[in-house]
Number of protein chains: 4
Amino acid sequence: MARPSQKEERRRQIVAGLLRTMAQQGYAGATVATIAREADLTPGLVHYYFDSKQAILLALMQGIGRGVLGRFEERLERAGDDPWKQLFALTDALLERDPTGGTAPLQAGWLVIAAEAIHQPAVREEYSRMLFALVDRIDGLLRGVLKSEGRSTRSSRSLAAAIAAAIQGVYQLDAAAPSASKPGSSAPALRHMVEGLVAAQPGRR
Amino acid sequence: MARPSQKEERRRQIVAGLLRTMAQQGYAGATVATIAREADLTPGLVHYYFDSKQAILLALMQGIGRGVLGRFEERLERAGDDPWKQLFALTDALLERDPTGGTAPLQAGWLVIAAEAIHQPAVREEYSRMLFALVDRIDGLLRGVLKSEGRSTRSSRSLAAAIAAAIQGVYQLDAAAPSASKPGSSAPALRHMVEGLVAAQPGRR
Amino acid sequence: MARPSQKEERRRQIVAGLLRTMAQQGYAGATVATIAREADLTPGLVHYYFDSKQAILLALMQGIGRGVLGRFEERLERAGDDPWKQLFALTDALLERDPTGGTAPLQAGWLVIAAEAIHQPAVREEYSRMLFALVDRIDGLLRGVLKSEGRSTRSSRSLAAAIAAAIQGVYQLDAAAPSASKPGSSAPALRHMVEGLVAAQPGRR
Amino acid sequence: MARPSQKEERRRQIVAGLLRTMAQQGYAGATVATIAREADLTPGLVHYYFDSKQAILLALMQGIGRGVLGRFEERLERAGDDPWKQLFALTDALLERDPTGGTAPLQAGWLVIAAEAIHQPAVREEYSRMLFALVDRIDGLLRGVLKSEGRSTRSSRSLAAAIAAAIQGVYQLDAAAPSASKPGSSAPALRHMVEGLVAAQPGRR
DNA sequence: TATGAATGAGCTTTCATTCAT
DNA sequence: AATGAATGAAAGCTCATTCAT
C-alpha cells in the first residue's frame, strides 16, 4: 500500500507521451519507441502497461473527455443561472486557447483522433460516445436558452450538433492551418453563430 | 510510337484510388499496394506516374480543390444578384451531401488530409493554400452581404474564417461520427449561423 | 546500305553513357534509365542494342582495352629503339592525366570494373584477359630492357605484374582519393619504381 | 535487467558479415538480408544495431584500419632501429597474404570500398582519412630511410603516395585477377620498387 | 527502329509486439 | 517492474527487363 498507484501514474505518463508525439507526428508517426522516450520509459514497459498502441489511444480519449468536461464544469458554477451565460461558459471553455500554447497538442490530437475514428472501429465508437456526450451537454444548455427566449425546443438537438461541429471546425483550423484564423477571434465568432441559430425562425428564407 | 499516352487518365485513376482507400483506411493505411489494387494497376506502375506517395496526396488535394470550387461556380451563376443567395450558394455547395453517398469519401478524405497537414509540411502548405482560397471566396461574398445590410466590413475576414471552420466541422462530424448529426440538417443550420454572424453587433454581450 | 552502321554508332553512345554514369555513380548506380539519358536515348532502345546491362559493361571493357592500347602503340613509334624509352612510353601512356579531366571517368570506371570483376564471372574473365594482355606487353618491353642491361629475364613476368599493379594502384588513388597524390607526380615516381625493379639483385637484402 | 549486453559483439558479427558477403558479391550484392544470414541474425536486428547499411560499411572501414595498422605496429617493434627494416616491416605487413586465404576477403573488400568511395561521399571521406594515415605512416618511415642514405627528404610525401598506390594496386590485382600475379611475389617486388624510388636522382632520365 | 508503359522481384528500412533476463 | 534484444511482417520505392504499339 506504499504507493497507491504507481500503475496509474505510469499510465498517465504514457498517455501524455502519446498525446505529445501524436500532436506532432500523427498517430502513425507516434512510434511506441517515441512515446516511450517522451514518457521517459522504455518501449518494453509501455507494453507492460498497455496491451497495444490502440489501447493507449483509447485511454487518451477518455482522459481528454474527463479533462475538458471537468474544466467546463468548474466554470459552470461561476455562470450562475443565466442560460446564455451557461451556454457560453461551455463554448468558451472548449475554445479557450492556452496562452502558453499548451492546448495546441490537445486540439491537434483531437483532429488526429477524428481521422483515426474513420477506420478504427474501436476509436470511432469512443469518439462517437464522447461527441454524443458533448452534444447532449450542449443540448441541455441550449434548451434552457430556447425556453428563456420563448422558442420551441423541437430541433434543439440538431442545433446542438451544429454548434459541436463549429467547435470541431475551429479545432481543425487551428491545428492544420493556424495562420488562417486570428487568435482569439474564434470564441466571439462562435457566440454570434450560436445567437444566429437560436434567433432563426424555422423555415425562414 | 509506344502505347498512346494515357498519362493523365492513369494519374486520375491513381488519385481516385488514393481517395477511396484513404477514406476507408486513413493515409497510413492507404498503402501503395492498396492504392494500386483499387486503381487496377501494379504498385510499380504507381511509382512510374508519381514519385512518391506524398506526391499522389498533393495531386489529390489539387484535384479536390478544383472539383469543389468548380461545382460551386456553376451554382453561383444561378444565384443571380442577391448577395445572400450567392453566399448560401457557396455554403450549400460545400455541404451538399451526395444522396448516393458519393461524397462521403471526399469528406472523410478531407479530414484525413487535415490530420496529415499537421506533420507533413508540404501537405500543410497546400492545405493552407486551399483554405485561404476558400476563406477569400467566402470573404468576397460576405462583404457583399454586409454592405447590402449596411454593416461594416471591417472584420469580414474573421467571420469568413469562422464560416469556413463551421464547414470543416460539419465534414469532420459527418466523417467520424455520422450518427451525431441528422442528414440534411447541416446546410440550414449553417445558414442560420451565418445569419447570426452577420447580425451580430460587434462588442455586444 | 545507306548508313553503314547506325548500329555501331548507337552502341558506342550507349557504352559511353555507361562509362560516364558508372564513373560517377558506380555500376549499381548506373541505371539503364540513366545510361539512356546520358546517351540521349530511351531505356527501351538500350535493350534493343544490348541484351543486358552486363553486355554493355563487357563492350565497354573491350572498348577501353582497344582505346588505351591504341593510344600507346602510337607513342611506341616515336620511342625509337631505346628499350627504356619504349617501356616508359607505355607507362607514361597509361598514367597520363588528361589536363581537361577527360580521363577521370576512365580511371574511375576502371576501378569500378575491377570491383565488379570480383563477383561477376564474365567480367572477371574479361578483366583478366585485358590484364594479361597488359602484363604481356609490359613483359615484352621489360625483357628488352633487362637484356640491354645484361640482366637475367627469368622473373620478368613477376616484375611486369608488379608494374601493372603499381599502375592500377595509381588509378585507384586518383579515382577514390584524388587529394592523396599530387597531380603529375605519378608518372616519374613509377619510372623510378621500375628502375628499382630492374636494378634489383635477386635475393638481395 | 534485460539480456546481458552483447552490443559490441553483435556489431562485430554484422560487420564481419558485411565484409564476407561484400568480398563475394560486391557492396550492392551484399543485401541486408545476406549480411544478416551470414551473421546468423535477422534483418530487423541488423537495423537495430546499425542505422543503415552505409553505417555498417563505415564501421567496417574503421575496423579494418585499426586491424591492419595494429598488425603492423606489432612488427615494428621487432624491426629494431634499422630504417630500411622498419619501412619493409610496414610494406610486408600490408602485403602479407594469409596462407589460409583469410585475408582475401580483406583485400577484395578493400577494392570494393575504393569503388564505393567514388560515389558515396561519406565513404570517400573515411577512405581518404585512412589513406592519408597510411601515407603519413609511410612518409615517416621513408624519411628515416632517406636521411640514413644522406638524401633529401623534399619529395618524400610524393614517394610515400606512390608506395601506397603500389600497395593498393597489388590488392586490386589479387582481388580481381588473382591469377595474374604469382603468390608471394608481391612483397619482394614492392621492396625493389621502393629501393628504386629511394635511389632515384631527382630529375634523372 | 523506337517508344515508354508495364511488370515483378527485390531492396532497405520501420515498427508493434514478444520475451528472456 | 523493468529492460532492451529479437522477431517478422509489412512498407515505400527502384529497376532490369519485356512488350504492345
Identity of whatever pairs with F:dG12 - Watson-Crick or G-U, under 3.5 angstrom: E:dC11
Whole-Å distance separating the CG atom of D:D51 from the P atom of E:dT14: 8 Å
Spacing of C:I35 atom CD1 relative to F:dT14 atom P, expressed in whole Å: 17 Å
B:E8 CD - E:dG4 P separation (whole Å): 16 Å
Short side-chain N/O contact to F:dT14 OP1/OP2 from B:H47, under 4.0 Å: no
Any donor-acceptor pair under 3.5 Å from B:K53 side chain to B:H47 backbone: no
Identified pairing partner of F:dA20, criterion: Watson-Crick or G-U wobble below 3.5 Å: E:dT3
For atom CG of B:L45 and atom C1' of E:dT7, their distance in whole Å: 9 Å
Under 3.5 Å donor-acceptor, D:T34 side chain and D:A30 backbone: no
Separation of atom CZ in C:F50 from atom P in F:dT17, rounded to whole Å: 13 Å
B:T42 vs E:dG8: side-chain N/O to OP1/OP2 distance below 4.0 Å: no
Flag, side chain of A:R20 to backbone of A:P105, donor-acceptor distance under 3.5 Å: no
Distance test, side-chain N/O of C:Y49 to OP1/OP2 of E:dA2, below 4.0 Å: yes
Distance under 6.0 Å and angle within 45° of ring axis: A:K7 vs A:Y48: no
Distance, rounded to the nearest Å, where D:Q13 contributes CD and F:dA6 contributes P: 9 Å
Phosphate contact (F:dA20 OP1 or OP2) by B:Q6 side-chain N/O below 4.0 Å: no
